[in-house]
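By convention in this document, chain letters (A, B, ...) are assigned in the order of the sequence lines, proteins followed by strands, and residues within each chain are numbered from 1.
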Amino acid sequence: MAKQPTNKVLLDIHRRMVRIRHFEEQAGKLMEDGKIPGALHLYVGQEAVASGVMVHLSDQDQITSTHRGHGHLIAKGGEFDRMFAELYGRATGYCKGKGGSMHICNMELGMLGANGIVGAGPPIAMGAAFANRYRKNKQVAVAFFGDGASNEGSFHEAANMAALYKLPAVFVCENNGYGEYTAQVNHQAVVDVADRAAGYGMPGVIVDGMDAIAVYEAAGDAIARARKGQGPTLLECKTYRFYDHVGVRGMGLTYRTDEEVQRWMKRDPIKLFEKHLADLKVLSKKQAEAVHAEVLADVKAGVAFAEQSPLPDVSTLLDDVYSVAS
Amino acid sequence: MAKQPTNKVLLDIHRRMVRIRHFEEQAGKLMEDGKIPGALHLYVGQEAVASGVMVHLSDQDQITSTHRGHGHLIAKGGEFDRMFAELYGRATGYCKGKGGSMHICNMELGMLGANGIVGAGPPIAMGAAFANRYRKNKQVAVAFFGDGASNEGSFHEAANMAALYKLPAVFVCENNGYGEYTAQVNHQAVVDVADRAAGYGMPGVIVDGMDAIAVYEAAGDAIARARKGQGPTLLECKTYRFYDHVGVRGMGLTYRTDEEVQRWMKRDPIKLFEKHLADLKVLSKKQAEAVHAEVLADVKAGVAFAEQSPLPDVSTLLDDVYSVAS
Amino acid sequence: MSAVASEVKNRQLPYVAAITEGLREVLKEQPDAFVAGEDVAQAGGVYGSFRGLLEEFGPERIYDTPISEKGIVGLAVGSAAAGLRPVIDIMFMDFIGECMDEIANQMAKMRFMFGGSATLPITVLTMAGAGANLAAQHSQSLEAWLAHLPGLKVVMPATPYDAKGLIISASRDNNPVFVILNKMSLGMMGDVPEGAYTVPIGKANIVRTGKNYTIVTLGRMLGEALKAAKTLSEIGIDAEVIDARSVQPFDTDTVVASVKKTHRAMIVHEAVRFGGFGAEIAAQIQEIAFDYLDAPVARVGAPFSPVPFSPALEKVYVPDAARIVATARAQLGL
Amino acid sequence: MSAVASEVKNRQLPYVAAITEGLREVLKEQPDAFVAGEDVAQAGGVYGSFRGLLEEFGPERIYDTPISEKGIVGLAVGSAAAGLRPVIDIMFMDFIGECMDEIANQMAKMRFMFGGSATLPITVLTMAGAGANLAAQHSQSLEAWLAHLPGLKVVMPATPYDAKGLIISASRDNNPVFVILNKMSLGMMGDVPEGAYTVPIGKANIVRTGKNYTIVTLGRMLGEALKAAKTLSEIGIDAEVIDARSVQPFDTDTVVASVKKTHRAMIVHEAVRFGGFGAEIAAQIQEIAFDYLDAPVARVGAPFSPVPFSPALEKVYVPDAARIVATARAQLGL
Ligand SMILES: Cc1ncc(C[n+]2csc(CCOP(=O)(O)OP(=O)(O)O)c2C)c(N)n1
Ligand SMILES: Cc1ncc(C[n+]2csc(CCOP(=O)(O)OP(=O)(O)O)c2C)c(N)n1
Ligand SMILES: [Mg+2]
Ligand SMILES: [Mg+2]
């Protein structure tokens, strides 16, 4: 059964959430200012999911991410300087500027990449979980994917194989109610993606994705189960993205009502969690402010690093297509 | 609720089953004699499924089939002469010899083709069901597929879309316990493919695929539901193929025991059904023999037609790649 | 086309609106045509190319689909086999890998495998093209995969006029037709007549006539080639610029006739050069017009790497007028 | 290779057994290598090319998978990213459409998109080839799709020797390598040395030296070209037959050197001629050796249709020695 998080863990989760929030807010600004090229899919609103799951994982455990991947990388330990550098397309970025937001990754941290292809993560995570089982190393692989992605055949095949081989995998569906501009009711006839678990022979669990503790506990159970060799779990986290599919508009969108947005924003996962931590006397308002201040300083430093970093040299274009080592 | 089949219907189902059985037995012999080229996947043992479903369908209702498609076409009204001609690769075949066993079809009968690609049928049937809904013509589209095919992403996407749009479709899974030489326990962690229905928001029904009446009743309910605009159903029929995945060896196979084969053969769907019809006094032993004799004569005539038919002229090779009508 | 162009010279539309107009004409003239794809209905498409269709034609004609490319193509194949004329959208061309079986083994082959008894009047729209800093999975041009598949037709409109006309032609065609659009052309203005008109599928378009050099382009590269032609004219190269418009069927006759006149040729496409469709064109030219060639047929395409994200790299990755000019100079030793 | 051939002239194996031997060597030398695919474990593969591996290496190394090509490729990509050296089987090459996204957008691009931080030592086996009356969905040769994808290597062993050697080379390579086998070659006998040996990936093989004609072949067409060379020798054509062996990387140097000597060339592959890899080879030859060519580079490939079922049609569909000879005669006006 789910074990209570220690204070240390609570503070760890909180810091990860705050780091995601401020990184994303800044990234959004930078995109609006035309400093970050391409498309940005912000994770704001879903911080409790990445943080509540990732706090259970070591750098050796792997995750696969999505087009909305900054939050996953930050929660997995990604550094702001190299992340901003990647979004800027600089040579110092995690992908040397070749990947950008949609492919940002860190193999050392076991973050097997954001992905521009919806549904591409689950088969890759299933493969990483297979490697863990093969090596008997007790590592776990976690696939993050959205409600929209749950309609891709790739999810189906990965879930079936993970259950068949009893792999140490967890399938975390971040159900934010929309796939791009299409509401869930218009892309699937079920309300709970977790209902799909039974068809693969794995447990399906539903949790409030705005409640970091609830995510922490449910993820803890699923990950423990995976480590014990009992097979995968489908963990559905009901959450919401505060901003548009791409970019930073939150209100005034045609495909969702402002009332709906406001309703969810009242349950801002960071505010909820800080209130909870205050009630528990684990983190005072002042202490929380200090964390925000530290993180904001990190953000500032990260942006500065990125802006001072060189663009990739054109001579490097054809590097990294193939490995030349052997 | 399922309505009892009339005697007329019972005899109709019986004839379809017998036609499939004798066609397949003969096709197997012809393949062994080297008269039919390529690969043959025989339907023997599963006759109750195709027959119990198809008796509910008109020529306007569509079906998609599999690599094991002869039975589906016969139950849908396919003629032996043009079918044997196709298996022989003759110009008089349903596909002018261009398709063969794995692509045998008849568009006029609403049989949208056997398919060499496992899992290819469900999306096509979903599309045909969409057309029926678009036309408001009360027609139904039925996808036949195997237990192995239920692990393809194509099934997942088709099932989700059919349920989302409440299409007049029925997904008939012929679970014969194997995908090629791999037993179901080695390709999925569930015993019942029907467990997958809930994840799409459609009913999942399990029926004894060796019992023609059970199939008739369950299929009747699912098809009626579809015609009424109440959406798709996943109907799993537990069945067995008496012969090998390809060809006519039944016993002495490495991937299944002879005991298992014998156990299932004791439940030969035709024998079971004929006993039942005899008990009901609907079809006497003599009458049954007469049916078999008639069908065997059809088989003989069909083979003769095929053998007298010309091979396609090489000048026709590039025909039918494109439609030139407009 | 010049005739048409003059008639309508006063009516200019952006490429994106020409797409929508083409679809509107299709939906008006063909009751069996419907549009389905990810975010095409309520959102009007991620680039706005479907805007207003839901409002005008209603939910019975315009469908948002789940993120299920295999399902979307299956929807098209099955509904076409049942008599409809589907128009589907695969949002980015990069995503066709998700549904290549449905494209290659079902859509392209069904008619042939069935001995001609199936007819699939399907129009597939998809958005190709690099230059928007969308990185390796949202920038590809994969026409070479499709052109290699008997049973498909494949067109690549380079102008607003052709976008509208080819969409209408595709929907009237009784075969599966891919209309490969380019996201960098969406804002391009051009003459677009009111009402329905067609652009022949399989007919190349001589956009600039020239005496001593032939440049064959695919899709958006037409514009770069026209720019390059100006520069080349300054060094005595009078380039005839031919927009292939269709890669399957490919208009070999028009291209070969030009090369027989000019004696020198170059192919330009955005796709990776190696194994790209330009190789087929070059191979055909030398097969048919060998004795007319004064120089090898040159090819300009993307280098052999995925599309890089960083603008600094993408800038040198995507073929442009400068590369066309440089390649021509090298080819001709000028 | 002749050296090797002589050493081992007494040891002959069929192509199918050479595949198995190559896999056995891989599994012996690389503890991180495992084999996964549909029916590869208990059944030993639908063509027997995996026979005995489960018994010898056990269920921890050899895996039957569900019928889930996307899952199989994902298994390879994810486990390779996590440090293993997967060997996967896509039973028939026709099925790669089911997993082209995982192949093209994940396997091929991951390393580049990740700035070189990911390494994917993956071997993919797949069975191509027509001639077995298996019709349009079990007979294709689709190497052109793969060769167009930066990040992949693609080899096509034509002999038992190369099948074993290229499988071992593929598994030692730190990049994704497709080994395209041919179902019609499974019974072909040839020299196969005991133990581990490699065949270089990216190096063409001059199988027959000749003076005045170059035939470049892909995969099984080597045998047809060698037959054709005999016939051609009777009409004064002394053909040099080069087995490309690898299409990515492609050994341009060996081919061009030969053409500079022979002045005439033909490419032969089983794939559909239009848009096939032969176009890339022809385009390269004329680009680099234009002044050496006495005739256009000819291409022999399948006609522009899906593979027909009827033996009567398939017989005239699949390229063979007779078509090679006829094409050479037409090309050279002999
Ligand atoms: C295969 C594929 N199809 C479509 C897209 C376009 N696309 C990008 S994100 C997205 C929505 C994804 O929805 P969901 O999985 O719920 O994730 P969310 O954006 O809500 O986090 C779509 C359709 C894509 N990138 N890849
Ligand atoms: C996409 C694809 N993968 C693999 C195959 C090879 N194959 C042909 S039949 C078959 C088994 C299908 O099993 P099932 O769906 O249970 O149907 P059954 O043969 O039992 O009737 C396989 C793997 C194929 N034809 N297509
Ligand atoms: Mg979502
Ligand atoms: Mg089965």
Next on the checklist: Below 4.5 Å, heavy-atom pairs only: which of B/Leu311, B/Ile117, B/Val314, B/Val321 has the largest tally toward chain D?
Outcome noted: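 Option with the top pair count is B/Ile117.
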Next on the checklist: So which residue, B/Ala39, B/Gly179, B/Gly99, ends up with the most heavy-atom pairs under 4.5 Å with chain D?
Outcome noted: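 The option with the most such pairs is B/Gly99.
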Give, for atom [atom1] of [X] and atom [atom2] of [Y], the distance between the pair rounded to the nearest 0.5 Å.
X	Y	atom1	atom2	result
B/Asn186	D/Asp64	CG	CG	6.5 Å
B/His103	D/Gln137	NE2	CD	4.0 Å
B/Tyr255	D/Asp39	OH	CG	9.5 Å
D/Phe304	B/Leu318	CZ	CG	10.0 Å
D/Glu38	B/Glu180	CD	CD	7.5 Å
B/Arg90	D/Ser310	CZ	OG	8.0 Å

Quick check: closest heavy atoms across [X] and [Y], and the distance to 0.1 Å?
X	Y	answer
D/Leu134	B/Met102	O-CE, 3.6 Å
B/Ala149	D/Ile67	N-CD1, 4.4 Å
B/Gly116	D/Phe95	O-CE2, 4.4 Å
D/Pro311	B/Pro37	CG-CG, 3.7 Å

Next on the checklist: Which atoms of D/Glu314 are under 4.5 Å from chain B, going by heavy atoms: the side chain, the backbone, both sets, or neither?
Outcome noted: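 Neither part.
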Is it the backbone or the side chain of [X] that comes under 4.5 Å from a heavy atom of chain D, or both, or neither?
X	result
B/Glu152	both
B/Asp313	backbone
B/Leu253	neither
B/Thr182	both

Checklist entry - Does D/Ser68 use its side chain to pair, donor to acceptor, with the backbone of B/Asn151 at less than 3.5 Å? => result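 Confirmed, D/Ser68 side chain pairs with B/Asn151 backbone.
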Item to check | Step-by-step side chain to side chain contact (heavy atoms under 4.5 Å, CB included) determination, D/Val46 to B/Val246 | outcome: CA-CA 10 Å; D/Val46 291; B/Val246 181; over 6 Å; no
